[in-house]
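Note that the structure is a prediction, hence the values are computed from the model and not measured. Every number for a ligand or one of its atoms is a count from 1 in the order of the listing.
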Amino acid sequence: MRCWRTLLGAAAAFASLAVDHPADTNVTMSCCDALEAASLRVLRPGSEAYETRDGSYFSISAQLGPNCIVQPVNTAQVALAVTTLKETTCNWAVRGGGHMTWARASNGKSKLPSTIKDGVTVDMGRVNDVSYSCRSKIARIGAGALWADVYAALEKHGVTAPGGRSSTVGVAGFLTGGGNNFYSSRVGLGCDNVVNWEVVLASGEIVNANKDSHPDLWKALKGGSINFGIVTRVDMQTVRSAELWGGQVVYPLETTSQHIDAYVRWVDNIPDYTAGSAVTFWAYSPYAGTVVATALHDTSNSEWAPAYDDFKNIQPQIQDSLRHDSHLNMTIELDEPEGYRQVWITITGKNDARFIRAAVDAQAKFIKGWQASKDAEFLNYITFQAMPTLLFNHSVQKGGNVLGMDRQKDNAVLFQMQHMVRSADDERDARKQLIELNRDLVNYYTFEGIHVEWEYLGYADGFQDPLGSYGAENIAFLKDVAEKYDPEGIFQSRVPGGFKISAVA
Ligand SMILES: Cc1cc2nc3c(=O)[nH]c(=O)nc-3n(C[C@H](O)[C@H](O)[C@H](O)COP(=O)(O)OP(=O)(O)OC[C@H]3O[C@@H](n4cnc5c(N)ncnc54)[C@H](O)[C@@H]3O)c2cc1C
Ligand SMILES: *[C@@H]1O[C@H](CO)[C@@H](O)[C@H](O)[C@H]1NC(C)=O
Ligand SMILES: *[C@@H]1O[C@H](CO)[C@@H](O)[C@H](O)[C@H]1NC(C)=O
Ligand SMILES: *[C@@H]1O[C@H](CO)[C@@H](O)[C@H](O)[C@H]1NC(C)=O
């Protein structure tokens, strides 16, 4: 772990040296001056606070060195930042936990003269209060909080929230994309448990969106991401938090076939056992080669419930971290190595062994090719996550979201690959290769009749089109809601980062 931190520090220092100062710096600096003149806290390049914040994006790819970072501390200051920036010529980005992996999803950019105006980052990290009402069992969460903050605050009250499975993921970015969690089979995706969003619109107006007030915006934000305004507070239904039982079990690669069969059976059995979560993954590292592992988390705290029998029976098991522990500790265990440039892709398919098999084979082939032509220093993980119809029945019951997965009649599985490299050149090559790998897999799945039209926004790379995979009805709805709440299209044109509904055909 210490090794990653050292490398991360070095990379951040390098990034600051690499910041260009093109001719129209004055224009963008005046945007930052305007924010400062409005008495907002502004971090400038060269300051320690700025370098730390820019260096804290999970993927090095997203550490872009903006002209400045503005840090509002409450909703009123977020509104002030929006109205101030609107009067300038600068574009801006909105940052939560900084975990979207591709460049410009959540960071302003100053390195390229052609995008000099995209120079400001609105950093929500200080809008992070968490409070809890024992009577309503609802948590009020500052949109810039990290899930670690949320779990730590809520566990004192014996409850937790269906949030990120890594502790450092941000609340608003996660929830406005969907939010798969350990409790999904019981309560649905994270977004389905949001009872109210407090949002700053492009006008500077502050609205509450819930089932009674602005219900269209409430629903649109459940998957619609950064297209309508800046979320400042999320009110969320909590779940009782006894400890969980679980951890990770690691097996040799030779057990691959057994794992594929076990996972398909696991997904189909979910309606009969909603307390558990299982994510099976194939992980490559230079030290261990590729191994298979399953992350098991039982929210009823039972050890080896019968639903897990298949995973229990696969032998040999190289190691495991199974134990009783808090939700927070389980998510800390799943925090991922930092200091890499990350390229992620995602595809969804029917719950069918061919879906998993083809992706596992594609990973093996990709890794072999990469090893033959590149530095040995890289990591590659692929995960499979259950997307059963039950999950989207929860969505419908809780008011609906815009993901479009309620169209599916069959249980589905989500595939995600993350490739982790050190250099910008390797990132470019990886993206080129993964665009092809993605296309080949989708073609094969389509041919076999097992492709599902859905790209999970939280795992999609910038070349993918998650909003475009939500189905015609949801796309039209999202365009209408964006137009209604942001008639000038500020969140399309002046906030160009992230997935944009205006870019969907
Ligand atoms: C290590 C790791 C673990 C993960 N684990 C899970 C998991 O268990 N389950 C899951 O479903 N996904 C998971 N994800 C995916 C994750 O949900 C997405 O990457 C999510 O977008 C991250 O949100 P963030 O706030 O940290 O990121 P950011 O990069 O800060 O933001 C992501 C997007 O949301 C927008 N945004 C941020 N804050 C706001 C706001 N206040 N209002 C409006 N828009 C905003 C940003 O502009 C950006 O476009 C994981 C990702 C990583 C890297
Ligand atoms: C730089 O901006 C200031 C206002 O912030 C303006 O007064 C000045 O003329 C600008 N200088 C140039 C060279 O454009
Ligand atoms: C969580 O981890 C911390 C630090 O290792 C430990 O002190 C604590 O007891 C753990 N919590 C539970 C519920 O086991
Ligand atoms: C989900 O809802 C559909 C439609 O109401 C129903 O046919 C299906 O059985 C439900 N699935 C589960 C697992 O409850």
- Item | Salt bridge flag under 4.0 Å for residues Arg53 and Asp123 | yes
- Heavy-atom nearest neighbour in the protein, as seen from atom 44 (N) of ligand 1, with distance rounded to 0.1 Å: Ile226 CD1, 3.4 Å
- Please identify which atoms of ligand 3 are closer than 4.0 Å to at least one heavy atom of Asp325. 1 (C), 10 (C), 11 (N), 12 (C), 13 (C), 14 (O)
- The single option from Phe58, Trp344, Phe499 passing ring-ring contact (aromatic ring centres under 6.0 Å, His included) against Trp102: Phe499
- Item | Under 3.5 Å: N/O of Gly170 near N/O of ligand 1 | yes
- Message: Which protein residues come within less than 4.0 angstrom of ligand 4, counting heavy atoms only?
- Response: Pro271, Thr389, Leu390, Asn393
- For Ala143, atoms of ligand 1 separated by under 4.0 Å from a heavy atom: 41 (N)
- Query: With atoms numbered from 1 as shown, which atoms in ligand 1 lie under 4.0 angstrom from a non-hydrogen atom of His99?
  - Reply: 1 (C), 2 (C), 19 (O), 22 (C), 24 (P), 26 (O), 27 (O), 28 (P), 29 (O), 52 (C), 53 (C)
- With no hydrogens and no angle check, do the side chains of Gln385 and Thr383 hold a donor and an acceptor under 3.5 Å apart? yes
- Is the distance between the ring centroids of Tyr284 and Phe378 under 6.0 Å? yes
- Query: Does Tyr183 have its ring centroid less than 6.0 Å away from the ring centroid of His327?
  - Reply: yes
- Would you kindly check if the NZ (Lys) or CZ (Arg) of Arg422 is within the cone defined by 45 degrees around the ring axis of Tyr340 and under 6.0 Å from the six-membered ring centre? yes
- Item | side chain to side chain contact (heavy atoms under 4.5 Å, CB included) between Asn180 and Met387, worked out | CA-CA 9 Å; Asn180 199 17; Met387 294 287 145; 3.6 Å; yes
- Do any heavy atoms of Ala93 fall under 4.0 Å from ligand 1? no
- Note on the structure: Residue, atom and distance of the protein heavy atom nearest atom 18 (C) of ligand 1 read Gly458 O, 3.6 Å
- Query: For Gly497, is the nearest heavy atom under 4.0 Å from an atom of ligand 1?
  - Reply: no
- Closest to atom 51 (C) of ligand 1 (heavy atoms only, candidates Trp344, Trp92, Trp147, Phe58) is Trp344
- Query: Can you find an N or O of Thr176 that's nearer than 3.5 Å to an N or O of ligand 1?
  - Reply: no
- Task: Show which atoms of ligand 1 fall inside a sub-4.0 Å distance from at least one heavy-atom site of Ser106.
- Result: 28 (P), 29 (O), 30 (O), 31 (O), 46 (C), 48 (C)
- Task: Using distance alone, decide if ligand 1 has a nitrogen or oxygen within less than 3.5 Å of any nitrogen or oxygen in Thr168.
- Result: no
- Query: Between Tyr456 and Trp454, is the gap from one ring center to the other below 6.0 Å?
  - Reply: yes
- Task: Indicate yes or no: does an N/O atom of Val94 lie under 3.5 Å from an N/O atom of ligand 1?
- Result: yes
- Atoms in ligand 1 with a heavy atom of Ala172 nearer than 4.0 Å: 38 (N), 39 (C), 40 (C), 41 (N)
- Message: Phe384 and ring-ring contact (aromatic ring centres under 6.0 Å, His included): which single residue from Phe281, Phe415, Tyr263, Tyr459 fits?
- Response: Phe415
- Geometric N/O contact Gly97 with ligand 1, under 3.5 angstrom: yes
- Message: Against ligand 1, does Gly179 come closer than 4.0 Å with any heavy atom?
- Response: yes
- Query: When the ring centroid of Phe174 is compared with that of Trp147, is the distance short of 6.0 Å?
  - Reply: yes
- Message: Please confirm whether the ring centroid of Tyr485 lies under 6.0 Å from the ring centroid of His214.
- Response: yes
- Item | Distance in Å, Met236 CE paired with Thr160 OG1, rounded so as to fall on 0.5 Å steps | 9.0 Å
- Task: Look at atom 10 (C) of ligand 1 and say which protein heavy atom is nearest, naming residue and atom and giving the distance to 0.1 Å.
- Result: Phe174 CE1, 3.3 Å
- Salt bridge flag under 4.0 Å for residues Glu453 and Arg407: yes
- Task: May I ask you to test the Glu455-Thr348 pair for a side-chain heavy-atom distance under 4.5 Å?
- Result: no
- Message: Which residue and atom name correspond to the protein heavy atom nearest atom 50 (C) of ligand 1, and how close is it?
- Response: Val169 CG2, 3.8 Å
- Taking NZ, NE, NH1 and NH2 as the nitrogens, is one of them in Glu333 or Arg165 under 4.0 Å from a carboxylate oxygen of the other? no
- Item | Any N or O of Val231 closer than 3.5 Å to N or O of ligand 1 | yes
- Under a 4.0 Å heavy-atom limit, does Tyr459 contact ligand 1 with its side chain, its backbone, both, or neither? side chain
- Message: Quick check: Asn180 and ligand 1, any N/O pair under 3.5 Å apart?
- Response: yes
- Which ligand 3 atoms, with their elements, are less than 4.0 angstrom from a heavy-atom of Glu243? 13 (C)
- Residues two or more places apart in sequence or in another chain: which of them pass salt bridge (Lys or Arg N to Asp or Glu O under 4.0 Å) with Arg431? Glu427, Asp461
- Task: If you have a sec, work out which protein heavy atom is nearest atom 34 (O) of ligand 1 and how many Å separate them, to one decimal?
- Result: Gly173 CA, 3.5 Å
- Show which atoms of ligand 1 fall inside a sub-4.0 Å distance from at least one heavy-atom site of Ser166. 1 (C), 3 (C)
- Go through the steps for Asp216 and Lys484 under the test salt bridge (Lys or Arg N to Asp or Glu O under 4.0 Å), then give the verdict. CA-CA 10 Å; Asp216 49 0; Lys484 175 175 168 189; 2.7 Å; yes
- Query: Would you say Cys68 and Cys31 have SG atoms less than 2.5 angstrom apart?
  - Reply: no
- Message: Could you tell me, atom by atom, which parts of ligand 1 come under 4.0 Å of a heavy atom of Gly229?
- Response: 43 (C)
- Return the residue, atom name and 0.1 Å-rounded distance of the protein heavy atom closest to atom 49 (O) of ligand 1. Ala105 O, 3.0 Å
- Check each heavy atom of Tyr456 against ligand 1 and say whether those closer than 4.0 Å belong to the side chain, the backbone, both or neither. side chain
- Flag yes if more than 12 heavy atoms outside Asp129 fall under 6.0 Å of its CG atom; otherwise flag no. no
- Does Gly98, backbone or side chain, put an N or O under 3.5 Å from an N or O of ligand 1? yes
- When you measure from atom 7 (C) of ligand 1 to every protein heavy atom, which one gives the shortest distance, and what is it? Arg165 NH2, 3.3 Å
- Message: Does this structure show an ion pair linking Asp352 with Lys350, if we count only N-O contacts that are shorter than 4.0 Å?
- Response: no
- Query: Which atoms from ligand 3 have a heavy atom of Ser326 less than 4.0 Å away?
  - Reply: 13 (C)
- Taking the six-membered ring for Trp, is the centroid-to-centroid distance between Trp245 and Trp304 below 6.0 Å? yes
- Task: Check each of Gly96, Ala145, Pro337 against atom 38 (N) of ligand 1 and report the one with the nearest heavy atom.
- Result: Gly96
